[in-house]
Amino acid sequence: MSKIIVAIDGPAASGKSTAAKELANRLGYVYMDTGAMYRAITYLAQKNGIADVTDKVIEMTRGLDIVLNFENGLTRVFVGNEEVTEFIRTPEVSAKVSEISRIPEVRTELVKTQRRMADRKSIVAEGRDITTVVFPNADVKIFMTADLDVRSDRRYKEFIEKGMNVTLPDVKENLSKRDEIDSHRQVSPLKKAEDAIELDTTDLTVEEELQKITALIKKVELNKSHHN
Ligand code: DC
């Protein structure tokens, strides 16, 4: 079967990861969490004390080999030989990641890696610029949204389940701040691609969401198999 690219963009905690991961599992596609890559850079920049020095962040990014390893429903993130999976979703990294993601040179490097990952295999990729910049010719393009309160609630529950010490107002503030920066930056801002299908998940269950996207993918798979 020929290669299929499913691209999903949307604001923070809109349900992209949950949907993309499950779709990849069910369809046997590779799952690509591009936010994890921006988070890994942010974590390392903070660890090295250079998160506020743009030139150093750029230099560091150019020398890094980031690998995403999706196994058993979990993305493990490696930078060179170092595994950073458990360090990239902290409130500290979440508070800084949008600023690091604004740096054009950082984006150029990561986009190269992202395109390489989709060279050979069918893929479900999610992020902020996947439908607009990374894979503008993707076979299925989704722009996922949900009310800020619903998104905050969902993310807050995830943090609590992981035993993290956060408050709902803090989570909400982080999401809305990131959305603001991510949507208004100069390079590759978060926006709906003209030909993307908007999916508002506010009142949808995960299963309903998955059914809708799967129907779109199945249509493409069928079409492609007829043309081969
Ligand atoms: O998907 P996430 O919430 O883990 O992403 C974290 C941040 O990374 C997000 O607020 C902005 C940035 N990001 C980006 O700029 N472009 C992407 N394709 C993915 C994430």
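Both counts, for ligands and for their atoms, begin at 1 and track the order of listing. Counting begins at 1 with the first residue of the sequence.
Considering only non-hydrogen protein atoms, atom 19 (C) of ligand 1 sits nearest to T34 OG1, 3.3 Å. At the top of the distance list for atom 1 (O) of ligand 1, counting protein heavy atoms only, stands R128 NH1, 3.0 Å. Here the protein heavy atom with the shortest distance to atom 18 (N) of ligand 1 is D129 OD1, 2.8 Å. The protein heavy-atom contact nearest to atom 20 (C) of ligand 1 is G35 CA, 3.5 Å. Distance from atom 4 (O) of ligand 1 to its nearest protein heavy atom, with residue and atom name: R39 NE, 2.7 Å. At the top of the distance list for atom 6 (C) of ligand 1, counting protein heavy atoms only, stands R178 NH1, 3.4 Å. Remark: minimum distance from atom 10 (O) of ligand 1 to any protein heavy atom is reached at D182 OD2, 2.7 Å.
Ring geometry, F70 versus Y31: the interplanar angle exceeds 60°, so the pair is classed perpendicular (tilted spans 30 to 60°).
Close approach to R185 involves these atoms of ligand 1, each under 4.0 Å from a residue heavy atom: 14 (C), 15 (O), 16 (N). Those atoms of ligand 1 that come under 4.0 Å of a heavy atom in R107, given as number and element, are 14 (C), 15 (O), 16 (N), 17 (C). For ligand 1, the atoms lying closer than 4.0 Å to a non-hydrogen atom of S98 are 10 (O).
Neither the backbone nor the side chain of M37 has a heavy atom within less than 4.0 Å of ligand 1. At a heavy-atom distance under 4.0 Å, only side-chain atoms of S101, from C-beta outward, approach ligand 1. Neither the backbone nor the side chain of K96 has any atom closer than 4.0 Å to an atom of ligand 1 (non-hydrogen atoms only).
Electrostatic pairing of D179 and R151 counts as a salt bridge here, judged by a charged N lying under 4.0 Å from a carboxylate O. Electrostatic pairing of E82 and K47 counts as a salt bridge here, judged by a charged N lying under 4.0 Å from a carboxylate O. Using a cutoff of 4.0 Å between basic side-chain nitrogens and carboxylate oxygens, D33 and K16 are not scored as salt-bridged.
No N or O atom of E126 sits closer than 3.5 Å to an N or O atom of ligand 1. Inclusion of R155 in the set of residues having an N or O under 3.5 Å from an N or O of ligand 1 is not warranted. Looking at Y38 next to ligand 1, no N or O pair under 3.5 Å apart turns up.
A search for side-chain hydrogen bond (donor to acceptor under 3.5 Å, both in side chains) contacts involving E194 returns nothing, not counting sequence neighbours.
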For residues 56-67, run the donor-acceptor check on the side chains, cut-off 3.5 Å, and write out each pair with its distance to 0.1 Å, sequence neighbours left out.
unit_1: T61; atom_1: OG1; unit_2: V57; atom_2: O; d: 2.7

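No more than 12 heavy atoms of other residues, nucleotides or ligands sit less than 6.0 Å from atom CG of D203. The number of heavy atoms from other shown groups lying within 6.0 Å of NZ (K191) does not exceed 12. Other residues, nucleotides and ligands contribute at most 12 non-hydrogen atoms within 6.0 Å of the CG atom of N81.
A donor atom on one side chain and an acceptor atom on the other are found under 3.5 Å apart for E83 and T85.
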